[in-house]
Amino acid sequence: MPLIKDKDNKQNIINMMLQIWRDMLSIKYLNSPKDEIDFVDDFNNINHFVDNITSVKLISIIQIMLECNNKMAINLNFQNILESTTLKILSKLK
C-alpha cells in the first residue's frame, strides 16, 4: 500500500527533491550562505557533497529531476517515477 496517495503530496515530494538539488546548485555557483537555502539543517552535508561533484553532473541531475514533473503530468506511476529517477541519479554520480 502506498504511503503517499494524494497527487498534491506526491508533487510536493518531487518538489522537495528538486529543491535539494537547487540548493546544491546555489551553493556551488553562488556560494550561498546557510540562511539562503531551504535545507538549512543539512547545509554542511550539502556543502561537502557539492565540493565533490562536478557542475556537469549537478546540472544533469537537475534535468533528471525536472523530468519528474513531465512524468507526473501524464500520470505515470509515482513509485516508478521515484525508482527510475533514483537509478538515473545514481548512474550520474558514478
Peer 1: Does the side chain of I27 reach to within under 4.5 Å of the side chain of E36, using non-hydrogen atoms?
Peer 2: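 The answer is no, as the side chains (C-beta and beyond) never meet within the 4.5 Å cut-off.
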
Peer 1: M24 and side chain to side chain contact (heavy atoms under 4.5 Å, CB included): which single residue from I53, I61, V50 fits?
Peer 2: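 Filter result, single survivor: V50.
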
Peer 1: Between K7 and F78, is there a side-chain heavy-atom distance shorter than 4.5 Å?
Peer 2: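 No, too far: nothing below the 4.5 Å cut-off.
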
Peer 1: Would L76 end up clustered with I14 when hydrophobic side chains under 4.5 Å apart are linked, directly or stepwise?
Peer 2: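 Both belong to a single hydrophobic cluster.
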
Peer 1: Which distance, rounded to the nearest 0.5 Å, do you find between the CD1 of I74 and the CG of N69?
Peer 2: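 Between atom CD1 of I74 and atom CG of N69 there are 12.0 Å.
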
Peer 1: How far does CG of D23 sit from CG of D42, to the nearest 0.5 angstrom?
Peer 2: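 Interatomic distance, D23 CG to D42 CG, rounded to 0.5 Å: 9.5 Å.
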
Peer 1: Could you tell me if the side chain of S55 sits less than 4.5 Å from the side chain of K28, heavy atoms only?
Peer 2: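 Yes, close enough: below the 4.5 Å cut-off.
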
Peer 1: Linking I/L/V/M/F/W/Y whenever any side-chain heavy atoms sit under 4.5 Å apart, do F43 and Y29 land together?
Peer 2: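 As far as the 4.5 Å side-chain criterion goes, Y29 and F43 are connected within one cluster.
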
Peer 1: Quick check against the 3.5 Å criterion: does S26 have a side-chain atom that pairs as donor or acceptor with the backbone of S32?
Peer 2: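 Looks like no, no N/O pair under 3.5 Å.
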
Peer 1: Are K71 and S84 close enough that some pair of their side-chain heavy atoms sits under 4.5 Å apart?
Peer 2: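 A side-chain contact exists here, since the closest heavy-atom pair is under 4.5 Å.
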
Peer 1: I81 versus E67: any side-chain heavy-atom pair under 4.5 Å?
Peer 2: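 Answer no - side chains too far apart.
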
Peer 1: How far apart are the closest heavy atoms of W21 and L58, and which atoms are they?
Peer 2: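 Scanning both residues, the minimum pair turns out to be CE3-CD1, 3.6 Å.
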
Peer 1: Nearest 0.5 angstrom please: K88 NZ to C68 SG, how far?
Peer 2: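 Atom-to-atom, K88:NZ and C68:SG are 8.0 Å apart.
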
Peer 1: Any side-chain heavy-atom pair from I59 and I62 closer than 4.5 angstrom?
Peer 2: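 Answer no - side chains too far apart.
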
Peer 1: Would L93 and L66 show up in the same hydrophobic cluster when neighbours are defined by side-chain heavy atoms closer than 4.5 Å?
Peer 2: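 Yes, one cluster joins them.
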
Peer 1: For the atom pair NZ (K57) and CD1 (I89), what is the distance rounded to the nearest 0.5 Å?
Peer 2: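 Reported value, rounded in 0.5 Å steps: 13.0 Å.
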
Peer 1: Donor-acceptor pair, D6 side chain versus N9 backbone, under 3.5 Å?
Peer 2: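 Present.
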
Peer 1: Hey, are E83 and Q79 close enough side-chain-wise for a donor-acceptor pair under 3.5 Å?
Peer 2: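 Note: Q79 and E83 side chains meet the donor-acceptor criterion.
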
Peer 1: Can you confirm whether more than 12 heavy atoms, excluding those of D41, are under 6.0 Å from its CG atom?
Peer 2: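 For D41, atom CG is not crowded (no more than 12 foreign heavy atoms under 6.0 Å).
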
Peer 1: Quick check: do I37 and R22 have side-chain heavy atoms less than 4.5 Å from each other?
Peer 2: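 The answer is no; the side chains never approach within 4.5 Å.
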
Peer 1: Check the side chains of Q11 and N15 for a donor-acceptor pair under 3.5 angstrom, ignoring hydrogens and angles.
Peer 2: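 Short answer, yes.
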
Peer 1: Shortest non-hydrogen contact from L18 to M65?
Peer 2: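 The answer is CD1-CB, 3.6 Å.
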
